[in-house]
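Values reported hereafter were calculated over all heavy atoms of this structure, with side chains retained and with hydrogens, waters and symmetry mates removed.
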Amino acid sequence: MLLGDPFHEWICPAQFDPTDTAHPMPPEGQRFINIAGAPQNQSVIRALKVLAAQNRLAYLTRNHDMLADKM
């Protein structure tokens with residue numbers, strides 16, 4: 001079971017500086033799509049999709065990852 005905002009702190013790439021005003025972070029919804037769609041995260045997303053397809057994953061969204069079911 002995933003409970004809460006498991007993707008809220010998932011920031012990629014790690015060298016990204018959220019305080020860099022020259023390259024501001026995108027809005028929350030787009031940020032989630034960017035992170036979940038990043039090539040380096042595809043193995044995790046695929047594994048979660050497999051578990052969900054097998055009804056072996058329960059995921060309760062919260063306020064920062066409400067778009068997770070759109071992936």
Side-chain angles (χ1 to χ4, degrees):
M1 172 176 276
L2 293 177
L3 177 62
D5 299 319
F7 302 107
H8 180 64
E9 301 299 329
W10 197 1
I11 299 174
C12 298
Q15 67 269 21
F16 178 74
D17 179 0
T19 64
D20 182 0
T21 57
H23 301 95
M25 293 180 71
E28 185 73 35
Q30 186 61 49
R31 187 167 53 231
F32 176 83
I33 291 168
N34 292 352
I35 291 169
Q40 65 269 28
N41 298 329
Q42 290 309 296
S43 61
V44 174
I45 298 298
R46 275 193 305 274
L48 291 172
K49 286 182 177 184
V50 167
L51 290 172
Q54 297 170 347
N55 292 319
R56 296 176 55 205
L57 175 67
Y59 178 45
L60 303 175
T61 60
R62 295 283 311 251
N63 59 325
H64 293 106
D65 52 10
M66 66 286 278
L67 298 174
D69 64 341
K70 306 298 182 215
M71 295 308 296

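With hydrogens and angles ignored, the 3.5 Å screen pairs a side-chain donor or acceptor of Q42 with a backbone N or O of A36.
Residues that satisfy the side-chain hydrogen bond (donor to acceptor under 3.5 Å, both in side chains) test with R46, not counting sequence neighbours, are absent from this structure. Here L57 pairs with L2, L48, L51, A52 under the side chain to side chain contact (heavy atoms under 4.5 Å, CB included) rule; sequence neighbours left out.
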